[in-house]
Amino acid sequence: MSTDTPRLRPPQHRVDPRAVRWWTTRSLAVTVPLTVIPVVPALIWEPVRPWFLIAAAVIGGLGLLITVVMPRWRYRVHRWEVTDTAVYTSSGWLWQEWRVAPMSRIQTVDTERGPLQRAFGLSSVTVTTASAAGPIEIAGLDHALATRVADRLTETTQAVPGDAT
Amino acid sequence: MTTVQPPPTDRTPLGDWQGIHPLSVWADTAVGAVFIVPTAIIGTVVLVVLGHPWWAVAPLPGALALIAGLTAVDMVILRAISYRVTDERMEMRSGVFAKTYRSVPRERVRSVDVAAPLYTRPFGLCSVTIGTGEQAGSDRLKLQFVTVAQGERLRRELLHRAGAGGPTPEGAETDETTGLELARLDPRWFSYAPATTATLGIGIGAIAALIGANAQSEGWIYRWISEQAGLPSTAEIGSFVMTRALVVVPLSLLTLLVSGAVVLLAVAVETWWDYRLTREGDGTVRLRRGLLTSVSLSVEGRRLNGVTLHEPFVLRAVGGAAVRAVATGLSAGDDEKTQAKSRLSPAMPRARARTLAADLMRTPESPLDPPLTPHPRAALRRRFVRAGWAAVAGLVVAGTLTWLHSLATAAWWEVAHGIEEELNPLPVATYAVESAPAWGWWVLGAAFGAMAFWYAFGSYRALGHGLHPRYLVVRQGMAVRDTVALERSAVIGWRITRSPFQRRVGLASVSATTAAGEGVYTATDVGLGQGLAWAEEAVPDLLTEFLERDTGPGVESGGGRG
């Protein structure tokens with residue numbers, strides 16, 4: 001590639017380190033039940049026991065691998081930045097996504113705290129535009145910080161005229 | 001309730017609360033009667049034939065009572081509906097028990113859709129659907145039904161806010177002549193209607209429905225027909241077909257194609273009859289079409305943010321294309337409905353479609369004309385890899401089938417013929433398979449693989465992106481090729497996605513997000529640098545501060561490796 005090909009620079013801020021624990025818990029919350037489901041018939045029904053145990057082992061192994069790898073990987077990728085003119089985020093792990101939305105096109109700004117996020121003192125900031133591409137979400141911010149970010153975004157967007165389409 | 005005082009006219013001013021036209025109840029009643037009364041008559045006849053003359057008295061009065069009841073309910077519901085258009089808002093009240101009040105700011109009205117189905121036309125009624133820019137499909141108002149004059153007035157005045165001084169007083173003026181005509185139906189365009197992959201499918205569907213009905217009746221339909229017509233037995237026909245496959249196979253394919261073409265032609269005539277596309281004096285683009293259900297759709301000029309040149313494979317092969325709108329406020333519940341609503345033209349010659357697209361965008365040079373930048377070779381390699389996997393899968397299936405074929409004994413074939421005879425009055429398929437050589441499967445598998453590579457190459461060649469002074473252009477698709485021109489000022493953000501495979505070969509999918517049309521328009525598998533440079537140039541300043549050039553020291557990209 002030539003020297004002046006542009007690259008995306010990562011957004012300035014990482015999310016809160018506690019997000020790693022949050023993602024780990026979330027992943028376990030899916031992995032554990034999925035692993036247990038085939039174990040139940042294995043305990044009850046003797047003839048199929050080996051097959052169901054193998055299934056449980058495969059699911060459990062994969063789930064555990066994801067639980068170990070995914071949160072750390074996500075922590076390296078998930079970043080966010082709010083400038084005077086735009087919101088810029090990156091997210092994902094295997095499949096990664098970068099989003100940019102100008103302030104003038106932002107319609108609503110919300111903070112959200114699921115029960116799990118609350119347990120870790122985290123919040124998400126959701127920024128919607130008029131596009132069907134879905135909202136931009138900054139997940140795993142410290143709760144106080146998330147509120148400050150949302151306030152700042154709301155202030156800035158209100159200052160910019162236009163109907164956001 | 002701060003209504004403006006519009007200048008006195010002989011008609012009800014739009015600023016006042018108005019009801020739905022009472023005739024719409026009778027339209028509903030008429031439709032109900034068309035279905036209910038014949039059913040009742042059939043019921044009466046059946047009861048008489050079965051020897052229950054006393055019961056036979058019941059159906060007709062019952063049906064009439066039902067219709068009367070429905071009409072009464074309809075009338076109550078209708079009384080509760082009222083709407084008004086004020087300076088700022090369009091408001092609607094409805095509901096008998098649960099009252100609803102909906103209000104839409106007039107500046108958010110993006111499209112007005114006036115439809116007159118066949119059964120409302122004798123009553124001089126039409127329905128009006130008002131679309132706003134909201135992504136949620138619920139934020140639409142539908143008036144069912146108002147008089148044609150009211151509908152026309154709503155259409156004109158809701159989109160016409162140039163004066164911003166409320167409802168235009170001289171609403172009686174007809175715009176018919178002031179509109180600039182962009183396109184008008186050319187009946188020759190109907191010849192493009194059957195040019196879809198669906199033609200054969202619809203023919204097969206029609207035949208399959210017949211076979212299905214026959215199987216439902218356990219074969220007696222076919223037996224009856226063949227007795228009446230004196231047809232030879234199925235076995236004789238089967239052997240006849242097998243000996244003359246070279247004549248019969250093309251002939252039956254032709255039958256399928258012709259029956260499919262007839263159906264599609266009928267659909268096209270019903271949809272596009274009397275097609276006219278005009279630009280009204282105030283910039284509104286207005287589409288009128290339809291034989292049985294006449295439709296009029298108006299889109300505010302500045303909400304028309306782009307056009308799509310839509311070329312499905314078969315249509316493309318015969319040099320046709322259709323134009324679709326990329327507009328805010330045309331979105332319906334789901335993607336499919338949105339696409340159906342955004343059609344601005346029937347299939348027409350490609351050159352005509354390009355001219356129409358340019359006229360719609362009011363640009364001297366068509367945004368679809370400039371050559372598009374091809375995507376990197378890596379995009380082609382990705383497609384070839386996928387085609388390779390498809391080919392391998394095809395060969396595995398072919399191998400399995402060959403193996404089964406060589407295993408199959410006479411007894412198996414007996415069973416297979418038996419099953420097919422149950423389902424199909426002309427059981428030739430399994431005979432054909434039995435008499436075909438085993439290596440035939442390999443030929444099919446290899447043909448499938450070759451097709452996959454041809455498809456991969458075609459879909460790579462379709463990829464492209466470019467810039468017009470006012471528009472950004474993306475093109476993709478082999479089965480359905482869409483060239484989208486989107487106004488650069490309508491871009492409301494960027495989304496860049498990279499799969500692990502794309503990261504390995506330096507590709508990315510760069511999408512412009514917008515409020516119009518489908519919401520996201522993507523340059524798929526573009527080189528990362530190439531795509532970012534394109535995006536930066538298309539919408540200056542938005543992306544610039546988040547880009548870095550390789551010449552700088554550069555910050556380590558967060559987890560950009562896998």
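Naming convention: chains lettered A, B, ... in sequence-line order (proteins, then strands); numbering from 1 in each chain.
The choice from A:Ala101, A:Ala86, A:Pro102, A:Pro11 that makes the most heavy-atom pairs within less than 4.5 Å of chain B is A:Pro102. When A:Arg74, A:Arg99, A:Gln12 are compared by the number of non-hydrogen pairs under 4.5 Å with chain B, A:Arg99 comes out ahead.
A:Leu8 CG to B:Leu543 CG: the interatomic distance, rounded to the nearest 0.5 Å, is 6.5 Å. Taken to the nearest 0.5 Å, the CD1 atom of A:Ile136 stands 7.5 Å off from the OG1 atom of B:Thr513.
Using a 4.5 Å cut-off between heavy atoms, A:Thr89 makes no contact with chain B at all. With a 4.5 Å cut-off on non-hydrogen atoms, A:Glu81 touches chain B through its side chain but not through its backbone. Within the 4.5 angstrom heavy-atom criterion, no atom of B:Val539 approaches chain A.
Annotation for A:Leu94 and B:Arg503: closest pair O-NH1, 2.7 Å, computed over non-hydrogen atoms.
Taking 4.5 Å as the limit, some side-chain heavy atom of B:Pro500 sits within range of a side-chain heavy atom of A:Trp95.
Annotation for B:Arg377: atom CZ does not count as buried by contact number, only 12 or fewer foreign heavy atoms lying within 6.0 Å.
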| task | Using the side chain to side chain contact (heavy atoms under 4.5 Å, CB included) rule, take B:Thr497 and A:Trp98 through it: C-alpha gap first, then chi angles, then the decisive distance, then the call. | result | CA-CA 6 Å; B:Thr497 55; A:Trp98 290 260; over 6 Å; no
| Pair A:Thr85-B:Glu545, side chain to side chain donor-acceptor pair (under 3.5 Å): steps then yes or no | CA-CA 10 Å; A:Thr85 52; B:Glu545 56 179 326; 2.8 Å; yes
